[in-house]
Amino acid sequence: MPIARQRRLHRSFFARDAIELARDLIGKTIVRRLEDGTVRRARIVETEAYIGEHDLACHAAKGRTNRTEVMFGEGGHAYVYFIYGMHWMLNIVASKPGNAQAVLIRAAEPLDGWDVNLTGPGRLAKGFSFTKADNGLDLTGPSTYLIDNGSPPPRIVKSKRIGVEYAKHWKHRLLRFHAAGSKAVSKR
DNA sequence: GCGTCGATGGCA
DNA sequence: GCCATCGACGCG
């Protein structure tokens, strides 16, 4: 058995359409170094694509505001927002500057024996301690980044995005992706 | 195991 | 007023 090569994901990986990025992020590993030096890692198993100002489920449909500003910027940065008065959501900005797309990270499987529930976007952000302070964070930087561990990509299942009933015809689009067979996929 | 409901604050 | 959610609760 050859040893799988660990490859860091660079800017070009993120500077693509959110649909492609959302698919390709399944099976990739998030790595986050905490202030005390601890490293936490998890394998992404569920994502959703939000594909621009025309997508009524995408926050960028409201135009360029203080909240959505980072989505209009360079791919590979974190778009972190607060919702329901208590939850933070981690998104990864996709595409090129001016094209406001992002991928919501909905669930992951903790690695290295880390005992935490990362099933659902609120729990995932909480587990990794993503907050307002991380909005705009470069995810190709030293503290938080993604890697491809070289393992074969999982079979991917497509479905409708969760919680976007308000988005007119956009609610029907199959823009949610998850790894087939993972027990860590959010329940709904 | 399921459906329903309340929490709680930023946002347009 | 709504929301890219979660956990608690009641059911029988």
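Note that the coordinates shown come from a computational prediction; the quantities given were computed from them, not determined experimentally.
- Rounding to whole angstrom units, NZ of residue A/K171 and P of C/dC2 are separated by 16 Å.
- With hydrogens and angles left out, the side chain of A/Y81 and the base of C/dA4 share a donor-acceptor pair within 3.5 Å.
- One atom, NZ of A/K168, and another, P of C/dC2, lie 14 Å apart when rounded to the nearest Å.
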Can you name the atoms? Protein N/O to nucleotides 10-12 of chain B N/O, anything below 3.5 Å, with the distance.
from	atom 1	to	atom 2	distance (Å)
B/dA12	OP1	A/T65	OG1	2.6

- Let me have DNA chain B in dot-bracket notation, would you? Count Watson-Crick plus G-U wobble pairs, both distances under 3.5 Å, and use [ ] for pairs crossing earlier ones and | for inter-strand partners. |||||||.|||.

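- Atom CG of A/N91 is separated from atom P of C/dT5 by 11 Å (rounded to the nearest Å).
- Considering every non-hydrogen atom in both A/R67 and A/Y79, the closest pair reads O-CE1, 3.3 Å.
- Taking OG1 of A/T65 as the reference point, atom CE of A/M71 lies at 8.0 Å (rounded to 0.5 Å).
- Here A/W114 and A/F128 bring their ring centres to under 6.0 angstrom of each other.
- Between A/R176 and C/dA4 there is no side-chain polar atom (N or O) within less than 4.0 angstrom of OP1 or OP2.
- Side-chain atoms of A/T140 and A/R11 include a donor-acceptor pair closer than 3.5 Å.
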- Message: Is there a side chain to side chain contact (heavy atoms under 4.5 Å, CB included) between A/K160 and A/H172? Walk through the geometry before answering.
- Response: CA-CA 6 Å; A/K160 295 178 185 179; A/H172 302 301; 3.7 Å; yes

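- If you take CD1 of A/I162 and P of C/dC3, they are 15 Å apart, rounded to a whole angstrom.
- Atom CG of A/L104 and atom C1' of C/dC3 are 13 Å apart (whole Å).
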- Message: Does A/D55 form a salt bridge (Lys or Arg N to Asp or Glu O under 4.0 Å) with A/R173? I'd like the steps, not just the answer.
- Response: CA-CA 10 Å; A/D55 173 5; A/R173 293 287 302 273; over 6 Å; no

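- For the side chain to side chain donor-acceptor pair (under 3.5 Å) criterion with A/E109, the lone passing option out of A/R41, A/R43, A/K183 is A/R43.
- Taking atom NZ on A/K187 and atom P on C/dA4, their separation rounds to 22 Å, with Å as the unit.
- There is a side-chain donor-acceptor pair under 3.5 Å between A/T144 and A/R32.
- Across the protein-nucleic acid pair, A/F130 atom CZ and C/dT5 atom P stand 18 Å apart, rounded to whole Å.
- Within 4.0 Å of A/M89, counting heavy atoms only, lie sugar-phosphate atoms of the nucleic acid but no base atom.
- Here the side chains of A/V164 and A/E48 are not in contact, with every heavy-atom distance at 4.5 Å or above.
- Across the protein-nucleic acid pair, A/Y84 atom OH and C/dC3 atom C1' stand 4 Å apart, rounded to whole Å.
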